[in-house]
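Letters go in sequence order (proteins before strands), and every chain restarts at 1.
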Amino acid sequence: MALVLYNTRSRREEVFEPLTPGKISIYVCGITVYDRCHVGHARSLVFFDTLVRYLRWRGYQVEFVRNITDIDDKIINRARERGESWKDLADRFIAEMHRDVAALGCVQPDIEPRATEHIGEMIELIAELERHGLAYAVGDGDVYFAVTGFARYGALSGRNLEEMQAGARVDVDERKRSPMDFALWKAAKPGEPWWPSPWGNGRPGWHLECSAMSMKYLGRVFDIHGGGEDLIFPHHENELAQSCGAYDTDFVRYWIHHAFVRIDQEKMSKSLGNAFAIEDVLKEVEAEGLRLHLLSVHYRSPLDFSAAGIAESTKALVRAYETLARADEAGVPRHEYGFDSPQAAPLVEAMDADFNTTRGVGILFEAARDANRALDAGDLARGAEAVGVMRAAGLGLGLLMRSPAEFLAGYNARGASQAGLAAADIERLIGERREARAAKNFKRADELRAELLAQGIVLEDGPGGTSWRRA
RNA sequence: GGCGGCGUACCCAAGUGGUUAAGGGAGAGGUCUGCAAAACCUCGACUCAGCGGUUCGAAUCCGCUCGCCGCCUCCA
């Protein structure tokens with residue numbers, strides 16, 4: 001079995017071969033911290049988290065780097081609007097981003113470099129580009145990359161300079177040699193933060209940080225570079241030009257880009273004003289329900305955001321946790337199926353095929369049905385195997401990692417509290433109903449049950465008594 | 001204008017040349033139950049936007065038409 005992934009550079013699926021056998025180096029473009037993260041960012045965070053988790057579970061030693069862009073025009077402008085320092089603003093949104101990452105159940109990257117902590121490396125890179133005749137300074141201290149000096153410019157995004165210039169929407173800057181040249185270093189305007197450099201006081205251009213930091217931590221060639229598909233051009237095209245131009249390296253072996261989250265058939269984005277902050281969404285929905293929802297669509301297809309869609313996924317997730325809880329209660333033995341076990345083979349096959357998380361989720365639920373069927377039949381051995389498949393799928397996808405009893409208790413308690421009920425209230429009504437049932441007063445028993453149902457609480461009568469859950 | 005992608009059941013969504021077109025949500029019937037709920041079983045696209053073509057064989061390849069989206073500007 002071979003891991004296959006879609007490489008943006010070749011526009012086709014390729015068999016993945018790591019630079020060093022058994023090891024994988026990954027650099028993902030992270031967030032520009034000028035505002036809270038939205039659901040589009042959540043897709044990026046969850047997808048690459050799943051990719052890293054899967055590859056680790058799959059037996060690879062993964063080095064995962066995700067940067068933070070903590071200096072740029074938007075940060076400066078936003079800080080100015082709010083009358084605080086750009087540093088304080090960036091730090092605050094970094095903390096909020098970390099909170100969102102944790103809430104979504106994502107691992108933190110091994111290294112999370114910040115642009116402003118790598119100014120020296122970036123200056124060094126510009127100097128190297130200058131030596132290769134690919135960088136030029138204009139009078140006032142701005143430095144540009146000369147795209148016409150880099151023959152492969154446009155190869156990643158599949159475009160060429162003539163086409164781009166024909167349809168360019170950018171204002172042509174007379175100081176540039178070519179309209180597509182981009183800034184490596186920006187001279188500081190009055191009141192802006194700056195760092196000293198051979199070209200004067202200023203700050204780095206956006207694309208530079210990722211070239212400098214990825215190569216610093218992962219080497220001049222590394223395995224995977226990822227991000228949203230809007231980064232293909234110009235960001236990744238420019239990174240590639242900088243890194244390859246400076247060091248004549250292959251730079252990135254596999255480029256992976258995921259599609260957007262959409263709302264009403266339109267890209268979710270800050271500039272369109274249709275973005276939902278992760279923080280706000282998680283007040284309304286289960287974080288793991290959102291996570292499952294994001295994984296239920298293949299990463300290269302657009303995903304429509306809707307509360308109803310997340311609710312559907314959450315229902316499915318709860319069902320899976322209920323199956324696990326049921327298995328725990330029945331005392332089925334725990335099996336741990338590694339990626340090379342026959343039980344995990346279908347999941348590995350799905351995920352090896354360009355991270356088909358959709359199919360992976362399907363496998364998880366097929367196993368859930370098998371488990372319930374076996375438990376219905378009292379076949380604990382078969383139930384244990386099916387539950388083992390569920391857990392293996394969970395490990396590969398980053399789902400079902402929590403204790404089922406704990407998850408369900410929390411989920412149900414939140415439902416009850418939304419209805420203004422405490423667990424003790426519900427227990428009291430259950431006790432009252434138990435007495436009514438014992439007296440064969442089914443009319444009263446049914447009234448009590450209907451009362452709770454109206455508040456979103458379902459009662460279930462089982463052999464061991466009555467339990468309650470969120471409708 | 002250039003480049004790229006998508007259109008599969010009521011909804012979401014896998015599958016991209018060959019056994020009965022995954023899975024989830026919703027719905028209908030059944031088993032179970034005091035009645036329910038949950039779970040399970042059954043049903044649900046003779047069909048994959050439309051029309052042509054290639055092939056022994058296509059949702060899957062090619063062409064055209066219609067509809068939708070993305071990138072070409074900061075953006076996950």
Looking at U31(B), which nucleotide sits across from it as a Watson-Crick or G-U wobble partner, both distances under 3.5 angstrom, or is there none? A39(B)

Which pair of heavy atoms, one from R470(A) and one from Y411(A), lies closest together, and at what distance? NH1-O, 2.8 Å

For D181(A) and C72(B), what is the distance between atoms CG and P respectively, to the nearest whole Å? 18 Å

Can you tell me the Watson-Crick or wobble partner of G18(B), both distances under 3.5 angstrom? C56(B)

Report the nucleotide, chosen from C71(B), G25(B), G70(B), that has the shortest atom-to-atom distance to any side-chain atom of E229(A). G70(B)

Please determine, for C6(B), whether a Watson-Crick or G-U wobble partner exists with both distances under 3.5 Å, and give it or none. G67(B)

At a cut-off of 3.5 Å, list every protein nitrogen or oxygen paired with a nitrogen or oxygen from nucleotides 39-41 of chain B, distance to 0.1 Å.
| residue | atom | partner | partner atom | Å |
| --- | --- | --- | --- | --- |
| A39(B) | O3' | N372(A) | ND2 | 3.3 |
| A39(B) | O2' | R326(A) | NH1 | 3.3 |
| A39(B) | O2' | D376(A) | OD1 | 3.3 |
| A39(B) | O2' | D376(A) | OD2 | 2.9 |
| C40(B) | OP1 | N372(A) | ND2 | 3.4 |
| C40(B) | O4' | D376(A) | OD2 | 2.9 |
| C41(B) | OP1 | R373(A) | NH1 | 2.6 |

Could you walk me through whether R373(A) and D370(A) pass the salt bridge (Lys or Arg N to Asp or Glu O under 4.0 Å) check? CA-CA 5 Å; R373(A) 192 163 22 193; D370(A) 286 349; 2.7 Å; yes

For the side chain of F260(A), counting heavy atoms from C-beta on, which of G70(B), G34(B), A37(B) is nearest? G70(B)

List in numerical order all residues of residues 101-114 of chain A for which some heavy atom is under 4.0 Å away from an atom belonging to RNA chain B. none

Side chain of R449(A) - closest among G34(B), A38(B), A14(B): G34(B)

Sort out the partner of G23(B) for me: Watson-Crick or G-U wobble, both distances under 3.5 Å, none otherwise. C12(B)

Residue D461(A), side-chain heavy atoms: nucleotide from C72(B), A36(B), A14(B) that is nearest: A36(B)

Rounded to whole Å, CZ of R300(A) lies from P of C69(B) at a distance of 21 Å

